[in-house]
Amino acid sequence: MSKRRLSRLHSDSEDQWSGEDGKSKSSSSDTVDLEWTQEKRKGSQRKNMATRKKQKLEAQVQRMAQSDTRILGNTDSMHLESRHSIGLPGPMRTALLRWFTTVRDSRGMPWRKPSNLSQDPQQRSQRAYEVWVSEIMLQQTQVATVIPYYNRWMEAFPTLKDLAQANVDQVNALWKGLGYYSRARRLLEGAKKTVEDYGGSLPNNAKEMQKIPGIGRYSAGAICSIAYGERVPVLDGNVHRLLSRLLALHAPPKAKATLDLLWEAADVLVQEDTENHHPGDINQGLIELGSTICTVRNPSCDTCPLQPWCAAYELVGSKINESLPDIEDICRICEPLSAELEVTAFPMKADRKKAREELDIVNTPRDSHVLNLNKGASQGEVQERYRSLSLVFHPDKQQDPDAKEIATKNFLKIQKAYEVLSDPFLREIYDQLGSEGLSFNWPEGFRTNSLEEFREKLADVKGEIRRARQNAVLSPQGNLHCVVNAIPLFHRGHATVAKRLSDVSFASYSLRHKIQSKITEQTNLVLGVQVRNGTDHLDFTGTVQHQFSPRLSSLALVHFGFPFQTRLETAYSDGNNSLVVKTVGSLGAPLLFRPAVSASLTRKLFKRRTEQATVDLHVGHRPHVKLRLMTPKPFGLKYSGDRHENGGGNSGTSASLSGLETGIIFSSYGLDLEHGDPKIVGEFGVNLLELGTTLKSGLTLGYAGINWHFSSLWSIPSKSIEISTTTTLGRAGVVLVTEMSRLEQRLTIPIVLSAEYNGPLAMCTTVLPALAGLLVYRFIILPRRRTQRLAHLRSARKRLEESEERRERNAVEKVLKDLARKHSQTEKSKQGYYGSAEESEGIQDLTLDVTIPLQALVRNSQLFIAGGEETKLHIQGFFDPVPCIPKVLRIRYLFREQMHYAEIPDSMPTVLPLIEHRVGSPTTDA
């Protein structure tokens with residue numbers, strides 16, 4: 001600043017303060033001495049305060065004058081704050097809109113349409129939806145890239161209600177390649193909220209619209225101004241840059257004071273004027289001008305319609321000649337500028353981190369590390385980190401081919417990390433299972449589970465993966481066999497209970513452990529060790545297993561202690577037949593231990609039936625022959641194997657609530673021809689597949705009498721748990737065998753209860769466990785299955801609303817509509833519904849309207865559909881809303897001017913018309 005201007009500012013300030021001081025002094029001419037003294041003291045204080053204020057401001061001006069920061073040439077860095085306001089917006093609006101009219105359609109943007117004030121509310125709501133989709137897609141993405149995605153999106157989801165019916169996978173599929181997948185998810189969430197809270201129409205004011213997920217102040221302003229004509233401003237990156245240059249504002253771009261000033265300027269431009277310009281056109285003109293003319297690096301100032309009012313352009317041309325501002329009117333927002341001034345100096349550049357630091361961050365393997373985030377990072381932190389890294393590593397910013405290749409790899413890695421971490425479903429899988437879990441084909445129904453249910457399922461999967469990894473390296477298997485002598489406990493005598501308990505002891509025990517390791521894909525090595533009571537050495541064994549083909553396998557086992565017993569085994573199986581041949585011998589003493597050979601052949605007797613026959617032959621010590629005939633009979637298996645497996649097991653989501661309607665009844669009969677003791681053997685049992693429970697009983701009749709056995713088994717395959725009890729009753733006594741298995745570790749405890757036949761004792765050991773099992777089933781298992789079943793049905797209801805099958809069915813229904821209308825006019829059919837038969841369980845809305853598909857099937861006033869669920873699933877317009885749940889077809893139809901009604905289960909064929917369907921007929925009334 002020149003000395004002349006400094007002296008002028010100095011003298012003006014002194015005049016101001018001296019005048020104020022002189023006024024205070026002149027006011028004491030006619031007062032008494034005391035009053036004069038007090039007034040003099042006050043005047044002195046005011047003068048001191050004014051002096052300090054003057055010195056502070058002079059120091060500030062001096063620092064500004066001494067700094068080497070000038071706006072241009074002889075124009076000082078001090079300027080009026082009024083420079084950053086729009087005084088006469090009318091001519092600017094007129095010039096802007098005149099220019100925008102000529103370029104509106106130049107880039108072929110399908111969402112940009114002329115303003116039409118005559119549209120009805122429904123048309124304006126549709127226009128708002130189109131603008132919303134385009135604005136979200138255009139965030140961080142170029143127009144040329146967005147256009148094909150926008151067209152495909154509007155073809156798939158032409159209305160907001162269509163979008164609300166979609167699921168996240170369908171939305172992501174259309175968004176694939178556009179990046180920033182959270183935008184697509186927010187669009188879906190916003191559409192659902194709009195349908196739920198606003199009846200499917202976006203609000204017509206910006207304040208209310210900002211309550212919808214994914215719509216902020218800018219998006220709300222753009223949508224409401226363009227679609228509804230509301231006079232609200234917009235401020236995106238393009239408008240921010242344009243207004244910063246228009247006002248010559250060089251301030252931190254993200255500071256609150258800066259943003260407030262720019263929003264105020266944008267609001268002034270969009271407000272109502274005498275010509276009543278459409279606010280949407282004004283906002284679109286500002287956005288278009290900022291993106292095409294007032295660009296970041298090379299603005300086309302010569303063709304800009306707002307050039308006459310651009311303060312930055314005038315500064316560059318030294319056209320601004322402001323008088324020296326008053327110290328109170330100096331702008332306190334702008335930061336100093338460099339001596340070499342260009343229009344591109346506005347807006348002020350934000351500080352950015354070095355790309356080298358980011359490169360080190362993304363070279364780590366885990367997705368959370370790719371974005372340099374901890375496990376508990378919020379969605380906002382994930383989004384912000386992704387935005388900054390994707391801008392740094394965007395391939396379009398690299399000119400060198402090698403750098404572009406490296407940037408592309410890192411950019412794709414960042415995209416993948418963000419896709420995972422921004423999706424709560426995938427993020428939970430990733431947190432629990434790591435990257436391996438992302439490769440699984442997860443059922444769509446998993447997304448509809450609650451967080452607690454989903455985490456429980458992930459915990460089960462995690463355990464299975466951990467066991468699979470352990471087994472792939474080293475599969476440990478253990479078996480502890482303890483024989484308990486409990487005969488004294490039930491001995492008839494006068495001993496006390498304490499005495500009897502003290503006499504219970506272990507009769508024998510053995511512990512066997514083995515580990516298995518895979519040598520090749522076909523060969524495994526098994527090493528085992530066994531210890532028994534009464535021996536002072538360990539028994540080590542080694543086994544080699546080899547799988548020659550899916551049907552043929554063999555193994556060789558050897559004991560490493562004398563006499564080096566060996567066993568060779570070969571097995572063949574083709575699904576219907578199996579053959580196992582074993583040989584046992586001794587390498588150390590072949591004459592002391594005679595070799596033995598055994599063979600077992602199992603064959604399916606009939607091609608279309610399930611009966612099997614087994615022959616066991618043993619030659620050697622204690623030779624014998626065993627013959628068996630086995631007859632398994634499945635029941636309740638109405639569904640295919642895959643469908644039953646998905647809904648069955650122990651999950652409580654199978655075909656029946658009780659768990660007793662699906663299983664296998666099996667029986668076995670045969671002969672055991674042993675030397676001097678032939679026997680007749682019989683066994684009968686049931687395997688309840690839904691409960692994972694097997695119950696069986698059997699007998700053995702021989703010269704020594706009858707032996708009975710009763711057993712039960714309960715298993716959870718997903719957790720590798722198995723528990724069984726077996727009670728054996730015969731002349732040899734009563735024995736209770738309990739077995740427990742978990743993760744290949746088995747504990748077997750045979751308990752000898754009596755050394756002689758004891759019917760009451762055997763009855764107690766059979767009836768009491770059975771009674772306990774019934775109580776557990778009634779008060780624990782059944783309520784739990786009911787709870788799980790209802791949760792499954794709620795999940796199915798949600799999937800029904802979002803399923804792709806339903807949309808496909810709707811499309812098929814549209815194709816059949818004309819045909820059905822013709823049949824309806826001819827046959828006068830009425831409503832038909834196909835859905836769950838269990839309305840009492842709160843799933844009344846799990847129904848599928850199949851009126852049109854049924855009408856299309858009617859021929860000559862007759863309708864026939866074969867029985868079975870699979871049959872209906874292949875009919876056009878049908879699909880299964882709840883797999884593995886019994887269904888019923890409910891149909892009302894008019895035949896010969898009389899109303900008929902029928903409820904037909906899936907297992908029954910549908911035959912119409914029938915007299916028993918007639919409403920009010922004697923058959924129906926009965």
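With sequence neighbours left out, the ring-ring contact (aromatic ring centres under 6.0 Å, His included) criterion links Phe411 to His394. Residues forming a side chain to side chain donor-acceptor pair (under 3.5 Å) with Arg186 (at least two apart in sequence, or on another chain): Ser182. With sequence neighbours excluded, no residue forms a ring-ring contact (aromatic ring centres under 6.0 Å, His included) with Phe100. Under the rule for a side chain to side chain contact (heavy atoms under 4.5 Å, CB included), the partners of Thr145 that lie at least two apart in sequence or sit in another chain are Thr141, Gln142, Tyr149, Leu178. Residues satisfying the ring-ring contact (aromatic ring centres under 6.0 Å, His included) criterion with Trp153, sequence neighbours excluded, are Phe157, Trp175.
Using modelled atom types, no side-chain atom of Ser300 and backbone atom of Thr303 make a donor-acceptor pair closer than 3.5 Å. Between the side chain of Ser125 and the main chain of Pro121, no donor-acceptor pair closer than 3.5 Å is present. Put simply, the side chain of Thr94 gets close to the backbone of Gly90: a donor and an acceptor are under 3.5 Å apart. Judged by distance alone, with hydrogens and angles left aside, the side-chain atoms of Glu230 form no donor-acceptor pair with the main-chain N or O of Pro279 at under 3.5 Å.
We find the CD1-CG distance between Ile333 and Leu261 to be 5.0 Å, quoted to the nearest 0.5 Å. Rounding to the nearest 0.5 Å gives a distance of 14.0 Å between NZ of Lys193 and CG of Leu188. To the nearest 0.5 angstrom, Gln284 atom CD is 13.5 Å from Leu289 atom CG. In this structure, Thr292 OG1 and Ile287 CD1 are separated by 11.5 Å, a value rounded to the nearest 0.5 Å. Here the straight-line distance linking atom CG of Asn172 with atom CZ of Arg185 works out to 8.0 Å at 0.5 Å rounding. Distance check, rounded to the nearest 0.5 Å: CD of Gln307 to CD of Glu314 gives 9.0 Å.
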- Task: Tell me, with the steps shown, if Arg297 and Thr344 meet side-chain contact (heavy atoms from CB on, under 4.5 Å).
- Result: CA-CA 6 Å; Arg297 291 183 177 84; Thr344 53; 5.6 Å; no

- Message: Before you tell me yes or no, could you show the steps for Asn205 and Tyr228 under side-chain contact (heavy atoms from CB on, under 4.5 Å), namely the whole-Å CA-CA distance, both residues' side-chain angles and the distance that decides it to 0.1 Å?
- Response: CA-CA 8 Å; Asn205 65 88; Tyr228 297 119; over 6 Å; no

- Message: Apply side-chain contact (heavy atoms from CB on, under 4.5 Å) to residues Leu247 and Arg83 and explain how you reach the verdict.
- Response: CA-CA 6 Å; Leu247 304 177; Arg83 176 190 294 177; over 6 Å; no

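Here ring pair (Phe, Tyr, Trp, His ring centres under 6.0 Å) pairs that include residues 277-309, with residues two or more places apart or in two chains, number zero. Note on residues 247-269: pairs passing side chain to side chain donor-acceptor pair (under 3.5 Å), not counting sequence neighbours, are Lys256-Asp260, Asp267-Gln271. Listed by first then second residue, pairs satisfying side chain to side chain donor-acceptor pair (under 3.5 Å) with a partner in residues 231-246 read Arg231-Asn276, Asn238-Arg241, not counting sequence neighbours. Residue pairs that meet the ring pair (Phe, Tyr, Trp, His ring centres under 6.0 Å) test with at least one member in residues 105-127, sequence neighbours left out, are Trp111-Tyr150. Among pairs with a residue in residues 95-114, those fulfilling salt bridge (Lys or Arg N to Asp or Glu O under 4.0 Å) read Arg104-Asp281, Arg107-Glu288, Arg112-Glu288, Lys113-Glu130, at least two apart in sequence or across chains.
In this structure, Pro233 and Leu269 have side chains that are not in contact, with every pair of non-hydrogen atoms separated by 4.5 Å or more. Side-chain contact between Val239 and Leu243 is present, with at least one heavy-atom pair separated by less than 4.5 Å. The shortest distance between side-chain heavy atoms of Val343 and Leu315 does not fall below 4.5 Å. Residues Leu249 and Cys334 have side chains in contact (heavy-atom distance under 4.5 Å, counting atoms from C-beta outward). Two residues are said to be in side-chain contact when any heavy atoms from C-beta on lie closer than 4.5 Å; Ile293 and Trp99 meet this criterion.
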Side-chain donor-acceptor distances from residues 210-218 under 3.5 Å, at least two apart:
residue : atom : partner : partner atom : Å
Lys211  : NZ   : Glu208  : OE1          : 3.3
Tyr218  : OH   : Glu135  : OE1          : 2.7

When the side chains of residues 219-227 are checked against the rest of the protein, which donor-acceptor pairs come out under 3.5 Å, sequence neighbours left out?
residue : atom : partner : partner atom : Å
Ser225  : OG   : Gly221  : O            : 2.7
Ser225  : OG   : Ala222  : O            : 3.2
Ser225  : OG   : Asn283  : ND2          : 3.0

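Contact detail for Phe346 and Ala312: the closest heavy-atom pair is CD1-CB, 3.6 Å. Listed here is the closest heavy atom pair of Leu163 and Leu187: CD2-O, 3.8 Å. Considering every non-hydrogen atom in both Pro203 and Met209, the closest pair reads O-CE, 2.8 Å. Summarising the geometry of Leu174 relative to Ala156, their closest heavy-atom pair is CD1-CB, 3.4 Å, with the distance given to 0.1 Å. Looking at every heavy atom in both residues, Pro299 comes nearest to Cys294 through CB-CA, 4.2 Å. Pairing each heavy atom of Val171 with each of Ala166, the nearest pair is CG2-CB, 4.2 Å.
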